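Working notes, structure below.
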Amino acid sequence: MNAITPPHLKWPAGTDHTAVPYSIFNSREVYDLEQKKIHNGPTWNYLSTEAELPEKGSFKSTYIGDTPVVVTRGQDNEIYAWVNRCAHRGAEICRERHGKSEDGAYTCVYHQWAFDAKGDLRGVPFQRGLGGKGGMPKDFAKDQHSLRKVRVVNHLGVIFGTFSDETPDIETYMGEDVAYHFKRILKGPIEVIGHTRQYIAGNWKFYSENTKDPYHASLLHLFHPTFGIYRASLGGGTIVNNDVHSVLWVENSKEDESKLSDVKSDNTRTYQEGTYQLADPSLLAGAKEFDDDTTTVIFSLFPSLVVHQIQNTLAFRQILPKNENEFELVWTFFGYADDTEEMRNFRLKQLNLVGPAGLISMEDGESTELCQKAIVRDGNYTNVLEMGGVGTGTDDHFVTEGAIRSLWKGYRKMMDV
Ligand code: FES
Ligand SMILES: [Fe+2]
């Protein structure tokens, strides 16, 4: 057992990642260790789209894990990021969510130390004192007091950041299939349609599990089977890259008819074909826009990003842990710069499907909270992750928890437990 491993992180012996101790979902010690080893470790974390930083001087405040970070576009047009903590006495420098610095400076409100877009210190009021008195020591060197800088990469118009020099290049980090799907969905310049934000009273890893879980999709989300967006008998499956990243994809055109009667008998609670009708069926009107049969794809780049195409809705979902019992989920909805007006209207209407109150996504926040509520005093118990067997990796069907088992395999490696 590693010397710094908290007692909560003892993994049940011989479980093949099929039994995760609940204590790791509500322990502050585990949370702090995750911030150190995962979010501050060799991982790429989603920060922004480039479209949100359109001009020299543009900036956006966000987080890596729970560390506040500002992403900027400098006067040289390059993208930079730094920790939003003043080098003087630690105050938050940038207090706006996004905007434009007209003079390219970022000035702390407390004593007005001023920094540039790169995070370098440019000005210290009264550095030389006043009337021969006070001021900073003569050998005070501004270049020794830059903000803590974040290594960034702009991959196909999406900005990622890492605190570690050891994080591999972004495509190696993603793995082949996640990189493929990333390229597929970033097929042209994007336009941000808008954001939604929600706080979820649950541990952030319950949501990571949720987005790798095809088993729940036809059972929890009544809307899915009722309106034919998703059934377990459709084509598709889950692909795992580098243990912790995954792709869940659906092909409506490849439904296995022979599985349909089983789906109907197993889904008695949710399969209500013909019972419910949409008052406005144009909600689900849309158009095919990719050169393949994939109608839904949800892929995750651990620890901070989930990307989805569900019908014609496209979004980045950023997972921002706040503490062991709470995370913020920031949705960035997008289309392409060359969208027709008709396509943009499809996207806008279909936004009713996703986001905090989405017809097919509001239950995910709720189920995450249900888990958090129920485990509060039962950290010594474990879950049961045996759907689809005990193995890890890729599956060509939906009745599996293989991608979740893979997540825990990778998590244990990252956390060294
Ligand atoms: S804390 Fe920022 S200038 Fe003093
Ligand atoms: Fe879901």
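Atoms considered below: every heavy atom in the structure, side chains included; atoms not considered: hydrogens, waters and symmetry mates. Everything numeric here is computed off the predicted structure, so don't read it as measured data. As the structure lists them, so they are numbered: ligands from 1, and atoms in each ligand from 1.
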- How far apart are the closest heavy atoms of Y46 and S304, and which atoms are they? N-OG, 2.9 Å

- Message: Quick check on the 6.0 Å ring-centre criterion: do Y215 and F398 meet it?
- Response: no

- Classify the angle between the aromatic ring planes of F334 and F316 as parallel (below 30°), tilted (30 to 60°) or perpendicular (above 60°). parallel

- Query: What do you reckon, are the aromatic ring centroids of F182 and H155 less than 6.0 Å apart?
  - Reply: yes

- Verify whether one side chain among Y63 and N45 offers a donor that lies under 3.5 Å from an acceptor in the other. no

- Can the ring centres of Y207 and W204 be said to be less than 6.0 Å apart? no

- Message: If you take the centroid of each ring, where Trp contributes its six-membered ring, are F25 and W408 closer together than 6.0 Å?
- Response: yes

- Do H88 and H145 have ring centroids that are under 6.0 Å from one another? no

- Within less than 2.8 Å of the Fe ion (ligand 2), how many protein N/O/S atoms are there? 4

- Task: Please test D120 against K149 for salt bridge (Lys or Arg N to Asp or Glu O under 4.0 Å), starting from the C-alpha separation and ending with a verdict.
- Result: CA-CA 9 Å; D120 290 329; K149 294 184 181 180; 2.6 Å; yes

- Task: Sort by chain and number the protein N/O/S atoms that are closer than 2.8 Å to atom 2 (Fe) of ligand 1, and list them.
- Result: C86 SG, C108 SG

